[in-house]
Undergrad: 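Input: one structure, supplied below.
All values derive from a computational prediction rather than experimental measurement.
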Amino acid sequence: MKLPKEFYLQNDVLKISKELLGKFLFTNIEGKITGGMITETEAYRAPEDKASHAFGGRRTERTEIFYSEGGVAYVYLCYGIHNLFNVVTNQKNIPHAILIRAIEPVEGMEYMMTRRNKTKVNPALTCGPGSMSQALGIDRKYNGTDLQGNEIWIEDRGIIIAERKILKGPRIGVDYAAEWAKKPWRFGIEGSKWVSRKF
DNA sequence: TTGACGATAGTCT
DNA sequence: GACTATCGTCAAC
């Protein structure tokens with residue numbers, strides 16, 4: 001069951017970030033279906049969130065997709081090397097997004113290992129936002145992709161992560177955002193080894 | 001037109 | 001644990 005459009009239109013990006021844990025992210029790229037269960041997310045809540053690219057309501061060619069209605073992908077290049085995949089949420093003109101940082105592999109392990117040049121299925125394969133995107137074949141071409149389509153989508157397979165099983169911690173790599181960097185807006189599944197770093 | 005700077009990951013110590 | 005490759009983006013010149 002693909003998550004419906006309404007899921008992404010909810011207004012509480014922190015709540016959606018937690019609800020995405022235990023959902024299944026899939027891609028069908030170059031004829032290869034790959035995917036897994038989402039185990040780690042981070043919320044970005046502009047305009048007030050200094051750590052967001054859309055901080056202060058900034059609109060540029062890159063950030064424009066942030067202002068779309070929820071349910072589309074925001075993919076950008078970080079450090080000149082890594083493609084980072086985000087889900088845009090909320091109503092049109094409200095620039096909220098969720099960075100998907102890690103998945104537990106479920107489908108198409110062979111393809112993911114080839115893309116990542118790895119020989120084992122372990123957290124290095126799909127944990128960390130750059131690694132995950134590479135494993136799934138996501139790059140900047142997919143910026144703006146509608147998650148209701150057949151290239152990238154998220155499924156609900158009936159797994160619910162209880163609030164008490166959700167780990168929370170400060171977001172990674174956003175120290176420049178001062179007090180906003182300290183907010184516990186990074187979420188993970190307790191006990192999962194499929195996370196990019198310890199909480 | 002140009003220069004400073006990352007929402008990282010892999011390698012080396 | 002420290003070091004850094006590498007290039008698109010953005011704001012200033």
Undergrad: Is the phosphate of C:dA11, meaning OP1 or OP2, less than 4.0 Å from a side-chain N or O of A:Arg58?
TA: yes
Undergrad: Centre of A:Trp180's six-membered ring, under 6.0 Å away, within 45 degrees of the axis: is that where NZ or CZ of A:Lys50 sits?
TA: no
Undergrad: Have a look at A:Arg171 and say if it touches a base, only the backbone sugar-phosphate, or nothing, with a 4.0 Å heavy-atom cut-off.
TA: nothing
Undergrad: Figure out the NE2/P separation between A:His53 and B:dT8, and round it to whole Å.
TA: 9 Å
Undergrad: Identify whether the distance between the nearest side-chain nitrogen and carboxylate oxygen of A:Lys18 and A:Glu163 falls below 4.0 Å.
TA: yes
Undergrad: Can you figure out which of C:dT6, B:dA9, C:dC10 approaches the side chain of A:His82 most closely?
TA: B:dA9
Undergrad: How many whole angstroms separate atom CD of A:Gln134 from atom P of B:dG10?
TA: 7 Å
Undergrad: So does A:Lys15 pair up with A:Glu19, basic N to acidic O under 4.0 Å?
TA: yes
Undergrad: Tell me which of A:Val174 and A:Lys118 sits closer to the 5' end of DNA chain B, going by the nucleotide each one is nearest to.
TA: A:Val174
Undergrad: For A:Glu64, which of A:Arg58, A:Arg59, A:Lys92 qualifies under salt bridge (Lys or Arg N to Asp or Glu O under 4.0 Å)?
TA: A:Arg59
Undergrad: Could you check A:Arg140 against A:Ile81 and say which one's nearest nucleotide on DNA chain C is further toward the 5' end?
TA: A:Ile81
Undergrad: Just how far, in rounded Å, is P of B:dG10 from CE of A:Met132?
TA: 14 Å
Undergrad: Measure the distance from CG on A:Leu84 to P on C:dT9 and round it to the nearest whole Å.
TA: 13 Å
Undergrad: So, OP1 or OP2 of C:dC10: does either fall under 4.0 Å of a side-chain N or O from A:Arg62?
TA: yes
Undergrad: Can you tell me the base-pairing partner of B:dA7? Count Watson-Crick or G-U wobble geometry only, both distances below 3.5 Å, and say none if there is no partner.
TA: none
Undergrad: Mapping A:Tyr176 and A:Ala124 to their closest nucleotides on DNA chain B, which lands nearer the 5' end?
TA: A:Tyr176
Undergrad: Ring-on-base stacking between A:Tyr44 and B:dA7, under 5.5 Å between centres and under 30° between planes: is it there?
TA: yes
Undergrad: How close or far is atom P of B:dG6 from atom CG of A:Leu77, stated in whole angstroms?
TA: 14 Å
Undergrad: Would you mind reading off the distance between A:Leu99 atom CG and B:dG6 atom P, rounded to a whole angstrom?
TA: 16 Å
Undergrad: Within 45° of the ring axis of A:Tyr44 and under 6.0 Å from its six-membered ring centre, is that where the NZ or CZ of A:Arg171 lies?
TA: yes
Undergrad: Check the distance between B:dT8's P and A:Ile100's CD1 and give it to me in whole angstrom.
TA: 15 Å
Undergrad: Mind checking A:Ile172 for me? I need base, sugar-phosphate or nothing, with any heavy atom below 4.0 Å counting as a touch.
TA: sugar-phosphate
Undergrad: Take the protein atom CG of A:Asn83 and the nucleotide atom P of B:dT8, then report the distance between them rounded to whole Å.
TA: 13 Å
Undergrad: Measure from the side-chain heavy atoms of A:Ser131 and tell me the nearest of C:dC10, B:dA7, B:dA9.
TA: B:dA9
Undergrad: Contact class for A:Arg116 (heavy atom, under 4.0 Å): base, sugar-phosphate, or nothing?
TA: sugar-phosphate
Undergrad: Relative to the ring of A:His53, is the ring of A:Tyr76 parallel (under 30°), tilted (30 to 60°) or perpendicular (over 60°)?
TA: perpendicular
Undergrad: From the set C:dA11, C:dG8, C:dT6, return the single nucleotide nearest to any side-chain atom of A:Thr60.
TA: C:dA11
